[in-house]
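Step one of this worksheet: look at the structure below.
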Amino acid sequence: MSRIYKAFENKKAFVAFLTAGDPDYETSLANFKAVIDAGADLIEVGIPFSDPIAEGPVIQEADIRALSGGMTTDKVFELVKELRRDYDTPIVFMTYANPVFHYGTDRFFKNASEAGADGIIIPDCPFEERHEFDETAEKYGMDFISMIAPTSENRIKEIAAQAKGFIYVVSSLGVTGVRSEIKTDLGSIMKAIKEVTDTPAAVGFGISTPEQAKKVCEVADGAIVGSAMVRIVAEYGKDAPEKLREYVENMCK
């Protein structure tokens with residue numbers, strides 16, 4: 001059984017996203033440790049990129065801070081290696097096709113796997129073009145995480161049937177960011193998913209409060225929170241670890 005699957009076993013999972021290297025390497029490492037210690041079941045590690053098209057301004061600005069501080073893909077791998085010395089929590093990279101191609105696809109997945117990553121999410125990779133990434137990820141024992149959006153419609157079952165690790169269900173159209181209300185019919189999407197697979201499905205994009213997370217988890221296997229946590233890093237800088245710990249503890253109650 002993979003670490004990713006265990007994160008969802010017999011419970012609703014809290015999935016936490018942070019951008020690696022924001023605001024600097026040491027603080028970022030402390031942020032991830034604080035989030036895990038506070039109860040996060042799965043960690044998404046954002047690899048900073050200059051053109052993150054699926055991200056809203058909050059995460060775009062985090063990418064800029066991390067890159068300005070000298071964060072690189074190799075340093076992200078080093079950060080994950082450091083986390084692996086103390087934690088067995090599943091770790092999934094969030095990145096884009098261009099950085100992987102630029103780094104070298106085989107080299108990227110080899111180094112990612114050796115660092116201790118369990119999977120990867122590439123939002124700008126169309127379902128029909130996932131094979132190169134999927135096959136290379138599998139070669140190195142990593143799961144290529146599928147995304148299902150409200151516009152997936154008739155393709156939901158096809159995507160879900162081939163999913164590995166967990167399924168990232170996008171709650172809303174547009175880019176990442178905090179939302180006051182999630183209006184998508186998540187129940188129908190989850191029903192279609194569960195008809196074809198037992199792969200866990202977590203919902204992301206827009207979740208920021210315990211109430212939203214609880215509502216989402218009435219139909220989904222977990223809730224994904226990113227922008228709300230990245231905002232804490234932006235506001236508190238080097239003092240963010242303790243604030244993140246408090247936030248995650250509150251979300252996981």
Side-chain angles (χ1 to χ4, degrees), residues 15-38 40 42-87 89-105 107-109 111-125 142 145 168 175-178 204-205 208 224-245 247-248:
V15 181
F17 169 93
L18 287 171
T19 300
D22 176 32
D24 57 66
Y25 184 96
E26 293 302 328
T27 307
S28 179
L29 180 62
N31 287 341
F32 281 110
K33 289 182 176 182
V35 166
I36 295 171
D37 289 340
L42 188 151
I43 302 297
E44 286 183 16
V45 176
I47 299 178
F49 179 45
S50 59
D51 188 26
I53 59 173
E55 313 297 358
V58 173
I59 295 177
Q60 286 182 21
E61 290 166 7
D63 282 5
I64 292 169
R65 289 193 297 270
L67 293 170
S68 298
M71 201 63 178
T72 65
T73 300
D74 283 325
K75 287 183 179 179
V76 176
F77 293 155
E78 286 301 319
L79 187 150
V80 171
K81 285 181 182 178
E82 290 206 53
L83 287 175
R84 275 285 169 255
R85 291 175 188 149
D86 300 312
Y87 300 99
T89 304
I91 295 173
V92 172
F93 284 127
M94 171 77 86
T95 187
Y96 290 83
N98 188 285
V100 178
F101 282 134
H102 181 75
Y103 193 90
T105 302
R107 176 171 167 253
F108 179 94
F109 282 101
N111 289 353
S113 176
E114 289 176 353
D118 301 287
I120 189 168
I121 304 165
I122 303 180
D124 61 340
C125 176
M142 291 175 60
I145 308 301
Y168 191 126
V175 296
T176 58
V178 172
F205 278 51
S208 62
I224 304 167
V225 177
S227 293
M229 295 176 55
V230 175
R231 275 186 174 180
I232 292 172
V233 178
E235 182 176 355
Y236 292 99
K238 291 182 181 297
D239 296 324
E242 188 55 39
K243 297 296 183 180
L244 286 169
R245 185 192 301 270
Y247 177 81
V248 174

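Sequence positions, counted from 1, serve as the residue numbers for this chain.
- Across Glu82 and Tyr25, no two heavy atoms sit closer than the pair OE2-OH, 2.7 Å.
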- Task: Starting from the C-alpha separation in whole Å, work towards a yes-or-no answer on side-chain contact (heavy atoms from CB on, under 4.5 Å) for Leu244 and Leu18.
- Result: CA-CA 10 Å; Leu244 286 169; Leu18 287 171; 4.1 Å; yes
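- For Phe77, the ring pair (Phe, Tyr, Trp, His ring centres under 6.0 Å) partners at least two apart in sequence or on another chain are Phe93, Tyr103, Phe108.
- Not a single donor-acceptor pair under 3.5 Å links the side chain of Asp124 to the backbone N or O of Tyr96.
- Shown here for Pro123 and Thr95, the closest heavy-atom pair between the two residues is CD-O, 2.9 Å.
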- Item | Evaluation steps, side-chain contact (heavy atoms from CB on, under 4.5 Å), between Lys238 and Asp24 | CA-CA 8 Å; Lys238 291 182 181 297; Asp24 57 66; 2.8 Å; yes
- For Phe49 and His102, run side-chain contact (heavy atoms from CB on, under 4.5 Å): C-alpha distance rounded to whole Å, both residues' side-chain angles, the deciding distance at 0.1 Å, then the answer. CA-CA 12 Å; Phe49 179 45; His102 181 75; over 6 Å; no
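- Here the straight-line distance linking atom CG of Asp63 with atom OG of Ser68 works out to 10.5 Å at 0.5 Å rounding.
- In this structure, OG on Ser113 lies 11.5 Å from CD1 on Ile120, to the nearest 0.5 angstrom.
- For the residue pair Val233 and Ala240, the shortest heavy atom distance occurs at CA-CB, 3.9 Å.
- Scanning for ring pair (Phe, Tyr, Trp, His ring centres under 6.0 Å) contacts around Phe101 gives Phe133, with sequence neighbours left out.
- Contact between Ala228 and Ser208 at its shortest, heavy atoms only, is CB-CB, 3.7 Å.
- Closest heavy-atom contact between Leu29 and Leu79: CD1-O, 4.0 Å.
- With values rounded to the nearest 0.5 angstrom, Ile224 atom CD1 is found 5.0 Å from Glu44 atom CD.
- Residues Val76 and Pro48 form a side-chain contact, since some pair of their non-hydrogen atoms from C-beta on lies under 4.5 Å apart.
- Between the CD atom in Glu61 and the OG atom in Ser227 there is a gap of 10.5 Å [rounded to 0.5 Å].
- Of all non-hydrogen atoms in Met229 and Val248, the two that sit nearest each other are CE-CG2, 4.0 Å.
- Qualifying salt bridge (charged side-chain N to carboxylate O under 4.0 Å, His left out) partners for Lys75, counting only residues two or more places apart in sequence or in other chains: none.
- Every residue meeting the salt bridge (charged side-chain N to carboxylate O under 4.0 Å, His left out) condition with Asp118, not counting sequence neighbours, appears here in chain and number order: Arg3, Arg84.
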- Task: Take Tyr87 and Ile43 through the test side-chain contact (heavy atoms from CB on, under 4.5 Å) and record every step on the way to the result.
- Result: CA-CA 11 Å; Tyr87 300 99; Ile43 302 297; over 6 Å; no
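- Note that the CD atom of Glu242 and the CG atom of Asn31 stand 11.0 Å from one another [nearest 0.5 Å].
- Listed by chain and residue number, nothing satisfies the ring pair (Phe, Tyr, Trp, His ring centres under 6.0 Å) test with Tyr247 (two or more places apart in sequence, or in another chain).
- The line from OG1 of Thr73 to CG of Asn111 is 10.0 Å long, rounded to the nearest 0.5 Å.
- Using a 4.5 Å cut-off on side-chain heavy atoms (C-beta onward), Phe32 and Ile91 make no contact.
- Residues meeting the salt bridge (charged side-chain N to carboxylate O under 4.0 Å, His left out) test with Lys243, sequence neighbours left out: none.
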